S.K.: 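This is the structure I have questions about; it appears just below.
Bear in mind that the values here come from a model prediction, so they are computed numbers and not experimental data. The analysis underlying the following values was restricted to heavy atoms, covering all of them including side chains, and did not include hydrogens, waters or symmetry mates. We're numbering straight along the sequence, starting at 1.
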Amino acid sequence: MVENNQNDVEKDKVAVEIPDTAHQVSTDSWFQAGFVLTTGINSVFVLGYSGTIMVPLGWIGGVVGLILATAVSLYANMLVAKLHEFGGRRHIRYRDLAAFIYGRNAYSITWALQYVNLFMINIGYLILGGSALKACYVLFRDDHMMKLPYFIGIAGFVCILFAIATPHLSSLRLWLGCSTVLSLIYIVVACVLAAKDGIKAPPRDYSLPSGSSASKIFTTIGASANLVFAFNTGMLPEIQATVRQPAVKNMLKALYFQFTVGVLPMYAVTFIGYWAYGSATTTYLLNSVSGPVWIKATANISAFLQSVIALHIFASPTYEYLDTKFGIRGSALKIENLAFRIAARGGYLVISSLVSALLPFLGDFESLTGALSTFPLTFILANHMYLVAKKTKLNSLQKLWHWLNVAFFGLMSLAATVAALRLIAVDSKEYHVFADI
(Lines give C-alpha, C1' and ligand atoms only; values in the text may rest on other atoms or scores of the structure.)
Protein backbone atom coordinates (compact mmCIF):
# COMPACT_ATOMS: atom_id res chain seq x y z
CA MET A 1 0.00 0.00 0.00
CA VAL A 2 2.80 2.41 0.96
CA GLU A 3 4.62 1.42 -2.23
CA ASN A 4 1.56 2.23 -4.34
CA ASN A 5 1.18 5.63 -2.68
CA GLN A 6 4.82 6.45 -3.36
CA ASN A 7 4.37 5.44 -6.99
CA ASP A 8 1.30 7.68 -7.27
CA VAL A 9 3.27 10.62 -5.90
CA GLU A 10 6.08 9.95 -8.37
CA LYS A 11 3.56 9.88 -11.25
CA ASP A 12 2.10 13.15 -10.03
CA LYS A 13 5.54 14.74 -10.01
CA VAL A 14 6.21 13.68 -13.58
CA ALA A 15 2.76 14.82 -14.72
CA VAL A 16 3.16 18.37 -13.40
CA GLU A 17 3.79 20.77 -16.23
CA ILE A 18 6.19 23.55 -15.33
CA PRO A 19 6.03 25.92 -18.30
CA ASP A 20 8.67 28.35 -19.48
CA THR A 21 8.21 31.92 -18.45
CA ALA A 22 7.51 34.95 -20.59
CA HIS A 23 9.50 37.06 -18.12
CA GLN A 24 13.26 37.36 -17.62
CA VAL A 25 15.24 34.84 -15.53
CA SER A 26 18.83 34.95 -14.15
CA THR A 27 19.51 38.56 -15.15
CA ASP A 28 19.83 40.44 -11.84
CA SER A 29 22.52 40.76 -9.17
CA TRP A 30 21.95 39.74 -5.55
CA PHE A 31 22.07 43.42 -4.66
CA GLN A 32 19.09 44.19 -6.92
CA ALA A 33 17.18 41.28 -5.38
CA GLY A 34 18.09 42.65 -1.95
CA PHE A 35 16.65 46.01 -2.95
CA VAL A 36 13.44 44.35 -4.17
CA LEU A 37 13.09 42.66 -0.77
CA THR A 38 14.00 45.84 1.10
CA THR A 39 11.47 47.80 -0.97
CA GLY A 40 8.82 45.38 0.28
CA ILE A 41 9.85 45.54 3.93
CA ASN A 42 10.12 49.37 3.95
CA SER A 43 7.12 50.01 1.77
CA VAL A 44 4.38 52.40 2.79
CA PHE A 45 3.07 49.65 5.11
CA VAL A 46 5.74 50.72 7.66
CA LEU A 47 3.70 53.84 8.34
CA GLY A 48 1.02 51.61 9.83
CA TYR A 49 3.04 49.31 12.09
CA SER A 50 3.09 51.69 15.06
CA GLY A 51 -0.70 51.42 15.12
CA THR A 52 -1.27 47.84 13.94
CA ILE A 53 1.56 46.12 15.85
CA MET A 54 2.76 48.28 18.74
CA VAL A 55 -0.61 49.58 19.96
CA PRO A 56 -2.19 46.13 20.49
CA LEU A 57 1.04 44.53 21.82
CA GLY A 58 2.63 47.34 23.83
CA TRP A 59 6.35 47.95 24.35
CA ILE A 60 7.38 44.52 25.58
CA GLY A 61 5.19 42.49 23.25
CA GLY A 62 5.88 44.73 20.26
CA VAL A 63 9.67 44.93 20.59
CA VAL A 64 10.18 41.26 21.48
CA GLY A 65 7.65 40.23 18.82
CA LEU A 66 9.36 42.22 16.06
CA ILE A 67 12.81 40.84 16.94
CA LEU A 68 11.52 37.25 17.06
CA ALA A 69 9.58 37.75 13.82
CA THR A 70 12.75 39.02 12.16
CA ALA A 71 14.72 35.95 13.24
CA VAL A 72 12.12 33.31 12.35
CA SER A 73 11.32 35.02 9.04
CA LEU A 74 14.98 35.04 8.02
CA TYR A 75 15.25 31.36 8.94
CA ALA A 76 12.11 30.35 7.03
CA ASN A 77 13.09 32.33 3.93
CA MET A 78 16.54 30.74 3.97
CA LEU A 79 14.91 27.30 3.90
CA VAL A 80 12.93 28.21 0.78
CA ALA A 81 15.97 29.81 -0.88
CA LYS A 82 18.06 26.65 -0.33
CA LEU A 83 15.44 24.56 -2.17
CA HIS A 84 15.53 26.72 -5.30
CA GLU A 85 17.59 24.16 -7.25
CA PHE A 86 16.37 21.05 -5.46
CA GLY A 87 16.36 17.95 -7.66
CA GLY A 88 18.71 19.44 -10.21
CA ARG A 89 16.21 21.90 -11.67
CA ARG A 90 15.47 25.55 -11.04
CA HIS A 91 12.07 26.25 -9.49
CA ILE A 92 11.18 29.78 -10.57
CA ARG A 93 7.75 29.83 -8.92
CA TYR A 94 6.65 28.84 -5.43
CA ARG A 95 3.98 26.55 -6.87
CA ASP A 96 6.54 24.81 -9.11
CA LEU A 97 8.67 23.97 -6.08
CA ALA A 98 5.68 22.66 -4.12
CA ALA A 99 4.56 20.56 -7.10
CA PHE A 100 8.01 19.03 -7.53
CA ILE A 101 8.16 18.02 -3.87
CA TYR A 102 4.55 16.97 -3.23
CA GLY A 103 2.87 16.31 -6.59
CA ARG A 104 0.22 17.79 -8.88
CA ASN A 105 -2.37 18.81 -6.26
CA ALA A 106 0.16 20.92 -4.37
CA TYR A 107 0.63 23.13 -7.44
CA SER A 108 -2.97 24.37 -7.36
CA ILE A 109 -3.16 24.66 -3.57
CA THR A 110 0.08 26.64 -3.35
CA TRP A 111 -0.93 28.90 -6.22
CA ALA A 112 -4.27 29.59 -4.52
CA LEU A 113 -2.56 30.45 -1.22
CA GLN A 114 -0.02 32.64 -2.97
CA TYR A 115 -2.64 34.40 -5.05
CA VAL A 116 -4.69 35.20 -1.95
CA ASN A 117 -1.53 36.47 -0.23
CA LEU A 118 -0.52 38.76 -3.09
CA PHE A 119 -4.07 39.95 -3.73
CA MET A 120 -4.52 40.93 -0.08
CA ILE A 121 -1.14 42.69 0.00
CA ASN A 122 -2.12 44.67 -3.09
CA ILE A 123 -5.40 45.63 -1.45
CA GLY A 124 -3.32 47.02 1.41
CA TYR A 125 -1.17 49.04 -0.98
CA LEU A 126 -4.24 50.52 -2.64
CA ILE A 127 -5.76 51.45 0.74
CA LEU A 128 -2.48 53.06 1.83
CA GLY A 129 -2.00 54.80 -1.50
CA GLY A 130 -5.51 56.21 -1.25
CA SER A 131 -4.92 57.19 2.40
CA ALA A 132 -1.73 59.05 1.41
CA LEU A 133 -3.57 60.99 -1.30
CA LYS A 134 -6.41 61.82 1.07
CA ALA A 135 -3.96 62.95 3.79
CA CYS A 136 -2.35 65.26 1.25
CA TYR A 137 -5.74 66.58 0.09
CA VAL A 138 -6.96 67.49 3.60
CA LEU A 139 -3.78 69.49 4.20
CA PHE A 140 -5.07 72.02 1.69
CA ARG A 141 -8.84 71.51 1.74
CA ASP A 142 -11.15 70.38 4.53
CA ASP A 143 -14.45 70.35 2.64
CA HIS A 144 -14.96 66.54 2.86
CA MET A 145 -15.99 66.50 -0.78
CA MET A 146 -13.42 63.84 -1.67
CA LYS A 147 -13.77 60.58 0.26
CA LEU A 148 -11.24 57.78 0.79
CA PRO A 149 -12.87 55.47 -1.83
CA TYR A 150 -12.35 58.17 -4.48
CA PHE A 151 -8.65 58.37 -3.66
CA ILE A 152 -8.36 54.58 -3.73
CA GLY A 153 -9.84 54.71 -7.23
CA ILE A 154 -7.24 57.31 -8.27
CA ALA A 155 -4.47 55.16 -6.79
CA GLY A 156 -5.78 52.16 -8.73
CA PHE A 157 -5.77 54.12 -11.99
CA VAL A 158 -2.14 55.20 -11.52
CA CYS A 159 -1.20 51.58 -10.71
CA ILE A 160 -2.81 50.48 -13.98
CA LEU A 161 -0.73 52.99 -15.94
CA PHE A 162 2.45 51.82 -14.20
CA ALA A 163 1.60 48.14 -14.78
CA ILE A 164 1.11 48.78 -18.50
CA ALA A 165 4.41 50.66 -18.77
CA THR A 166 6.48 48.14 -16.73
CA PRO A 167 6.37 44.69 -18.40
CA HIS A 168 8.15 42.53 -15.78
CA LEU A 169 9.98 42.46 -12.45
CA SER A 170 13.50 42.85 -13.89
CA SER A 171 12.48 46.07 -15.66
CA LEU A 172 12.10 47.79 -12.27
CA ARG A 173 15.85 48.57 -12.08
CA LEU A 174 15.57 52.38 -12.21
CA TRP A 175 12.30 52.35 -10.27
CA LEU A 176 13.91 50.49 -7.37
CA GLY A 177 16.29 53.41 -6.91
CA CYS A 178 13.33 55.79 -7.03
CA SER A 179 11.49 53.62 -4.50
CA THR A 180 14.44 53.77 -2.10
CA VAL A 181 14.54 57.58 -2.29
CA LEU A 182 10.76 57.80 -1.81
CA SER A 183 10.91 55.44 1.18
CA LEU A 184 13.67 57.49 2.79
CA ILE A 185 11.62 60.67 2.34
CA TYR A 186 8.49 59.48 4.14
CA ILE A 187 10.39 57.47 6.77
CA VAL A 188 12.74 60.36 7.65
CA VAL A 189 9.87 62.88 7.70
CA ALA A 190 7.71 60.57 9.86
CA CYS A 191 10.59 59.90 12.28
CA VAL A 192 11.68 63.53 12.62
CA LEU A 193 8.17 65.00 13.00
CA ALA A 194 7.06 62.23 15.37
CA ALA A 195 10.21 62.66 17.48
CA LYS A 196 9.59 66.41 17.58
CA ASP A 197 5.99 65.83 18.73
CA GLY A 198 7.13 63.25 21.28
CA ILE A 199 9.66 65.60 22.87
CA LYS A 200 7.03 68.34 23.30
CA ALA A 201 4.14 66.08 24.32
CA PRO A 202 3.05 65.30 27.90
CA PRO A 203 3.40 61.70 29.18
CA ARG A 204 1.69 59.26 26.79
CA ASP A 205 -0.62 56.37 27.54
CA TYR A 206 1.02 53.08 26.51
CA SER A 207 -1.61 50.81 28.04
CA LEU A 208 -3.06 48.02 25.91
CA PRO A 209 -6.49 48.57 24.32
CA SER A 210 -9.38 48.12 26.74
CA GLY A 211 -12.10 45.53 26.31
CA SER A 212 -13.15 42.07 27.38
CA SER A 213 -10.61 39.31 27.91
CA ALA A 214 -11.77 37.62 24.69
CA SER A 215 -11.39 40.87 22.77
CA LYS A 216 -7.84 41.36 24.08
CA ILE A 217 -6.88 37.80 23.14
CA PHE A 218 -8.23 38.16 19.60
CA THR A 219 -6.50 41.53 19.19
CA THR A 220 -3.16 40.09 20.35
CA ILE A 221 -3.45 37.11 18.00
CA GLY A 222 -4.33 39.42 15.12
CA ALA A 223 -1.29 41.58 15.87
CA SER A 224 0.93 38.47 15.76
CA ALA A 225 -0.24 37.91 12.19
CA ASN A 226 0.73 41.53 11.44
CA LEU A 227 4.22 40.75 12.79
CA VAL A 228 4.91 38.02 10.23
CA PHE A 229 3.18 40.02 7.50
CA ALA A 230 5.73 42.79 8.01
CA PHE A 231 8.73 40.67 6.95
CA ASN A 232 7.56 38.25 4.30
CA THR A 233 6.71 38.50 0.61
CA GLY A 234 5.18 35.08 -0.11
CA MET A 235 6.96 35.17 -3.48
CA LEU A 236 10.60 34.42 -2.67
CA PRO A 237 11.14 31.86 -5.50
CA GLU A 238 9.78 34.37 -8.03
CA ILE A 239 12.27 36.99 -6.85
CA GLN A 240 15.06 34.38 -6.70
CA ALA A 241 14.26 33.45 -10.32
CA THR A 242 15.59 36.84 -11.43
CA VAL A 243 18.94 36.33 -9.65
CA ARG A 244 22.07 35.33 -11.57
CA GLN A 245 23.93 32.11 -10.76
CA PRO A 246 24.87 30.89 -8.22
CA ALA A 247 21.21 31.51 -7.42
CA VAL A 248 21.16 30.03 -3.90
CA LYS A 249 24.32 31.76 -2.69
CA ASN A 250 23.27 35.09 -4.19
CA MET A 251 19.76 34.86 -2.75
CA LEU A 252 21.13 34.21 0.72
CA LYS A 253 23.20 37.40 0.37
CA ALA A 254 20.04 39.28 -0.59
CA LEU A 255 18.23 37.89 2.46
CA TYR A 256 21.07 38.86 4.81
CA PHE A 257 20.88 42.37 3.36
CA GLN A 258 17.10 42.51 3.83
CA PHE A 259 17.14 41.30 7.44
CA THR A 260 20.07 43.46 8.62
CA VAL A 261 20.36 46.81 6.84
CA GLY A 262 16.88 46.54 5.36
CA VAL A 263 14.96 46.27 8.65
CA LEU A 264 16.56 49.28 10.37
CA PRO A 265 14.35 51.99 8.80
CA MET A 266 11.24 49.92 9.57
CA TYR A 267 12.29 49.48 13.21
CA ALA A 268 13.01 53.21 13.54
CA VAL A 269 9.68 54.49 12.22
CA THR A 270 7.69 51.84 14.13
CA PHE A 271 9.28 52.49 17.52
CA ILE A 272 9.54 56.28 17.21
CA GLY A 273 5.91 56.54 16.10
CA TYR A 274 4.67 54.53 19.08
CA TRP A 275 6.95 56.37 21.51
CA ALA A 276 5.61 59.74 20.30
CA TYR A 277 1.87 59.02 20.39
CA GLY A 278 1.41 55.89 22.53
CA SER A 279 -1.92 54.11 22.26
CA ALA A 280 -3.32 57.07 20.28
CA THR A 281 -1.12 56.22 17.27
CA THR A 282 -3.15 55.92 14.08
CA THR A 283 -2.82 53.14 11.47
CA TYR A 284 -1.29 55.72 9.09
CA LEU A 285 1.45 57.54 11.00
CA LEU A 286 1.51 60.65 8.81
CA ASN A 287 -2.03 61.40 10.03
CA SER A 288 -0.65 61.73 13.58
CA VAL A 289 2.38 63.96 12.98
CA SER A 290 2.35 67.76 13.09
CA GLY A 291 4.67 70.02 11.11
CA PRO A 292 4.96 72.29 8.04
CA VAL A 293 2.28 71.58 5.45
CA TRP A 294 4.73 71.34 2.55
CA ILE A 295 6.86 68.74 4.36
CA LYS A 296 3.83 66.59 5.22
CA ALA A 297 2.56 66.92 1.66
CA THR A 298 5.94 65.81 0.28
CA ALA A 299 5.95 62.78 2.58
CA ASN A 300 2.41 61.79 1.61
CA ILE A 301 3.09 62.11 -2.13
CA SER A 302 6.27 60.03 -1.65
CA ALA A 303 4.25 57.38 0.20
CA PHE A 304 1.68 57.28 -2.59
CA LEU A 305 4.27 56.92 -5.35
CA GLN A 306 6.17 54.24 -3.45
CA SER A 307 2.97 52.25 -2.97
CA VAL A 308 2.54 52.18 -6.76
CA ILE A 309 6.03 50.70 -7.27
CA ALA A 310 5.69 48.22 -4.40
CA LEU A 311 2.29 47.02 -5.60
CA HIS A 312 3.83 46.17 -8.98
CA ILE A 313 6.37 43.89 -7.25
CA PHE A 314 3.66 41.91 -5.49
CA ALA A 315 1.41 41.80 -8.54
CA SER A 316 4.22 40.52 -10.79
CA PRO A 317 3.60 36.76 -10.17
CA THR A 318 0.01 37.25 -11.37
CA TYR A 319 1.22 39.22 -14.39
CA GLU A 320 3.84 36.57 -15.16
CA TYR A 321 1.20 33.82 -15.01
CA LEU A 322 -1.10 35.69 -17.40
CA ASP A 323 1.70 36.64 -19.82
CA THR A 324 3.05 33.09 -19.93
CA LYS A 325 -0.36 31.42 -20.22
CA PHE A 326 -1.38 33.59 -23.16
CA GLY A 327 2.04 33.60 -24.84
CA ILE A 328 2.82 37.30 -24.47
CA ARG A 329 6.44 37.45 -25.64
CA GLY A 330 8.69 39.73 -27.62
CA SER A 331 8.79 43.51 -27.47
CA ALA A 332 6.77 45.10 -24.69
CA LEU A 333 5.77 47.82 -27.15
CA LYS A 334 4.06 45.50 -29.64
CA ILE A 335 0.44 46.57 -30.09
CA GLU A 336 -0.97 43.16 -29.12
CA ASN A 337 1.27 43.02 -26.02
CA LEU A 338 0.21 46.50 -24.94
CA ALA A 339 -3.45 45.67 -25.54
CA PHE A 340 -3.13 42.50 -23.47
CA ARG A 341 -1.50 44.34 -20.55
CA ILE A 342 -4.22 46.99 -20.64
CA ALA A 343 -6.98 44.37 -20.55
CA ALA A 344 -5.47 41.78 -18.17
CA ARG A 345 -3.61 43.98 -15.71
CA GLY A 346 -6.22 46.71 -15.90
CA GLY A 347 -8.98 44.23 -15.08
CA TYR A 348 -7.02 42.76 -12.16
CA LEU A 349 -6.36 46.20 -10.66
CA VAL A 350 -9.94 47.41 -11.19
CA ILE A 351 -11.19 44.45 -9.14
CA SER A 352 -8.48 45.05 -6.49
CA SER A 353 -9.41 48.75 -6.25
CA LEU A 354 -13.10 47.93 -5.90
CA VAL A 355 -12.46 45.53 -2.99
CA SER A 356 -10.08 48.05 -1.37
CA ALA A 357 -12.66 50.83 -1.54
CA LEU A 358 -15.44 48.51 -0.36
CA LEU A 359 -13.71 47.44 2.88
CA PRO A 360 -10.82 49.83 3.66
CA PHE A 361 -9.88 48.29 7.04
CA LEU A 362 -6.09 48.17 6.72
CA GLY A 363 -5.11 46.55 10.02
CA ASP A 364 -7.75 43.85 9.61
CA PHE A 365 -6.55 42.98 6.12
CA GLU A 366 -2.95 42.77 7.33
CA SER A 367 -4.06 40.30 10.00
CA LEU A 368 -6.11 38.23 7.55
CA THR A 369 -3.28 38.14 5.02
CA GLY A 370 -0.81 36.98 7.66
CA ALA A 371 -3.23 34.33 8.90
CA LEU A 372 -4.48 32.91 5.61
CA SER A 373 -1.34 32.96 3.55
CA THR A 374 1.83 34.31 5.22
CA PHE A 375 1.79 31.69 8.00
CA PRO A 376 1.12 28.77 5.59
CA LEU A 377 3.43 29.91 2.77
CA THR A 378 6.37 31.24 4.74
CA PHE A 379 6.45 29.03 7.82
CA ILE A 380 4.31 25.89 7.51
CA LEU A 381 5.11 25.06 3.88
CA ALA A 382 8.76 26.15 4.11
CA ASN A 383 9.49 23.88 7.08
CA HIS A 384 7.55 20.92 5.72
CA MET A 385 9.03 21.18 2.21
CA TYR A 386 12.51 21.29 3.68
CA LEU A 387 11.65 18.30 5.89
CA VAL A 388 10.44 16.26 2.89
CA ALA A 389 13.24 17.33 0.55
CA LYS A 390 16.07 16.74 3.04
CA LYS A 391 14.58 13.85 5.04
CA THR A 392 17.54 11.55 4.39
CA LYS A 393 20.03 14.20 5.49
CA LEU A 394 18.32 15.36 8.71
CA ASN A 395 18.85 13.73 12.09
CA SER A 396 15.98 13.01 14.50
CA LEU A 397 16.41 16.26 16.43
CA GLN A 398 16.33 18.33 13.24
CA LYS A 399 13.22 16.52 12.04
CA LEU A 400 11.52 17.15 15.39
CA TRP A 401 12.42 20.84 15.15
CA HIS A 402 10.78 21.21 11.74
CA TRP A 403 7.68 19.27 12.83
CA LEU A 404 7.34 21.54 15.88
CA ASN A 405 7.50 24.56 13.57
CA VAL A 406 4.81 23.08 11.32
CA ALA A 407 2.52 22.34 14.28
CA PHE A 408 3.05 25.68 16.04
CA PHE A 409 2.54 27.86 12.97
CA GLY A 410 -0.41 25.72 11.89
CA LEU A 411 -2.17 26.49 15.17
CA MET A 412 -1.18 30.17 14.90
CA SER A 413 -2.62 30.32 11.39
CA LEU A 414 -5.98 28.92 12.53
CA ALA A 415 -6.18 31.19 15.57
CA ALA A 416 -5.12 34.29 13.59
CA THR A 417 -7.71 33.57 10.86
CA VAL A 418 -10.51 33.46 13.43
CA ALA A 419 -9.20 36.65 15.08
CA ALA A 420 -8.91 38.54 11.78
CA LEU A 421 -12.39 37.54 10.59
CA ARG A 422 -13.78 38.66 13.93
CA LEU A 423 -12.04 42.04 13.61
CA ILE A 424 -13.42 42.53 10.09
CA ALA A 425 -16.93 41.59 11.29
CA VAL A 426 -16.72 44.08 14.17
CA ASP A 427 -15.40 46.89 11.96
CA SER A 428 -17.99 46.14 9.27
CA LYS A 429 -20.70 46.81 11.87
CA GLU A 430 -19.06 50.06 12.94
CA TYR A 431 -18.37 51.32 9.40
CA HIS A 432 -20.52 51.05 6.30
CA VAL A 433 -19.13 49.81 2.97
CA PHE A 434 -17.08 52.37 1.03
CA ALA A 435 -16.35 53.99 4.39
CA ASP A 436 -14.42 57.25 4.57
CA ILE A 437 -11.97 56.24 7.30
S.K.: Applying side-chain contact (heavy atoms from CB on, under 4.5 Å), name anything that partners Ile154, two or more places apart in sequence or on another chain.
M.R.: Leu133, Met146, Phe151

S.K.: For the NE2 atom of His312 and the OG1 atom of Thr166, what is their distance to the nearest 0.5 Å?
M.R.: 4.5 Å

S.K.: Among side-chain atoms of Gln245 and Glu85, is any donor-acceptor pair under 3.5 angstrom?
M.R.: yes

S.K.: Are more than 12 heavy atoms from other residues, nucleotides or ligands located less than 6.0 Å from atom CH2 of Trp401?
M.R.: no

S.K.: His84 versus Met251: any side-chain heavy-atom pair under 4.5 Å?
M.R.: no

S.K.: Please determine whether the number of non-hydrogen atoms from other residues, nucleotides or ligands lying under 6.0 Å from atom CH2 of Trp175 exceeds 12.
M.R.: no

S.K.: Go through the steps to decide whether Tyr49 and Tyr274 satisfy the test ring pair (Phe, Tyr, Trp, His ring centres under 6.0 Å), and finish with yes or no.
M.R.: CA-CA 9 Å; Tyr49 294 152; Tyr274 184 61; over 10 Å; no

S.K.: Just by distance, do the side chain of Tyr125 and the backbone of Ile309 share a donor-acceptor pair under 3.5 Å?
M.R.: no

S.K.: Can you tell me which residue among Trp403, Phe409, Phe379 is in a ring pair (Phe, Tyr, Trp, His ring centres under 6.0 Å) with His384?
M.R.: Trp403

S.K.: Does the side chain of Tyr94 reach to within under 4.5 Å of the side chain of Leu113, using non-hydrogen atoms?
M.R.: no

S.K.: Using 0.5 Å steps for rounding, measure from the CG atom of Asn117 to the OG1 atom of Thr378.
M.R.: 7.0 Å

S.K.: Rounded at 0.5 Å granularity, tell me how far CE in Met266 sits from OG1 in Thr70.
M.R.: 5.5 Å

S.K.: Got a donor-acceptor contact below 3.5 angstrom from the Arg204 side chain to the Gly198 backbone?
M.R.: yes

S.K.: Side-chain contact, heavy-atom cut-off 4.5 Å: Ile185 with Gln306?
M.R.: no

S.K.: Within a strict 4.5 Å, meaning less than it, do heavy atoms of the Pro265 and Val46 side chains meet?
M.R.: no

S.K.: Could you tell me whether the side chain of Arg345 reaches within less than 4.5 Å of the side chain of Asp323, counting heavy atoms only?
M.R.: yes

S.K.: Using a 3.5 Å distance criterion without hydrogens, assess whether the side chain of Thr180 forms a donor-acceptor pair with backbone atoms of Leu176.
M.R.: yes

S.K.: Please check if the side chain of Ser50 supplies one atom and the backbone of Thr270 the other of a donor-acceptor pair under 3.5 Å.
M.R.: yes

S.K.: Are more than 12 heavy atoms from other residues, nucleotides or ligands located less than 6.0 Å from atom OH of Tyr150?
M.R.: no

S.K.: Side chains of Pro376 and Leu381: closer than 4.5 Å at any heavy-atom pair?
M.R.: no

S.K.: Looking only at side chains, do Thr282 and Ser288 share a donor and an acceptor under 3.5 Å apart?
M.R.: yes

S.K.: I'd like to know if the side chain of Tyr186 and the backbone of Val44 have a donor-acceptor N/O pair within less than 3.5 Å.
M.R.: yes

S.K.: Whether the Gln114 and Thr110 side chains hold a donor-acceptor pair (N or O, under 3.5 Å, no angle test) is what I'd like checked.
M.R.: no

S.K.: Measuring from atom CG of Leu208 to atom OG of Ser279, what distance do you get when rounded to the nearest 0.5 angstrom?
M.R.: 9.0 Å

S.K.: Classify the ring geometry of Phe119 against Tyr348: parallel below 30°, tilted from 30° to 60°, perpendicular beyond 60°.
M.R.: perpendicular

S.K.: With no hydrogens and no angle check, is any side-chain donor or acceptor of Asp197 less than 3.5 Å from a backbone partner on Ser290?
M.R.: yes

S.K.: With heavy-atom distances below 4.5 Å as the criterion, would you say the side chains of Asn405 and Leu387 are in contact?
M.R.: no

S.K.: Side-chain contact test, heavy atoms from C-beta onward, threshold under 4.5 Å: evaluate it for Gln32 versus Ser29 and give yes or no.
M.R.: yes

S.K.: Identify the heavy atoms of Thr417 and Ser413 that sit nearest to each other, and give their distance.
M.R.: OG1-O, 2.7 Å

S.K.: Is the side chain of Ser108 donor-acceptor paired with the backbone N or O of Asn105 at a distance under 3.5 Å, no angle test?
M.R.: no

S.K.: For the ring pair Tyr107 and Tyr102, is the centre-to-centre distance below 6.0 Å?
M.R.: no

S.K.: Less than 6.0 Å separating the ring centroids of Phe35 and Phe257?
M.R.: yes

S.K.: Does Gln398 reach the main-chain N or O of Asn395 with its side chain, forming a donor-acceptor pair under 3.5 Å?
M.R.: yes

S.K.: Return the CD1 to CG distance between Ile295 and Leu139, rounded to the nearest 0.5 Å.
M.R.: 11.5 Å

S.K.: Within this structure, what is the CG-CG distance for the pair Leu126 and Leu311, rounded to the nearest 0.5 Å?
M.R.: 5.0 Å

S.K.: When you measure from the side chain of His91 to the backbone N and O of Pro237, does any donor-acceptor pair fall under 3.5 Å?
M.R.: no

S.K.: Examine distances only and state if a side-chain atom of His402 and a backbone atom of Tyr386 form a donor-acceptor pair shorter than 3.5 Å.
M.R.: no

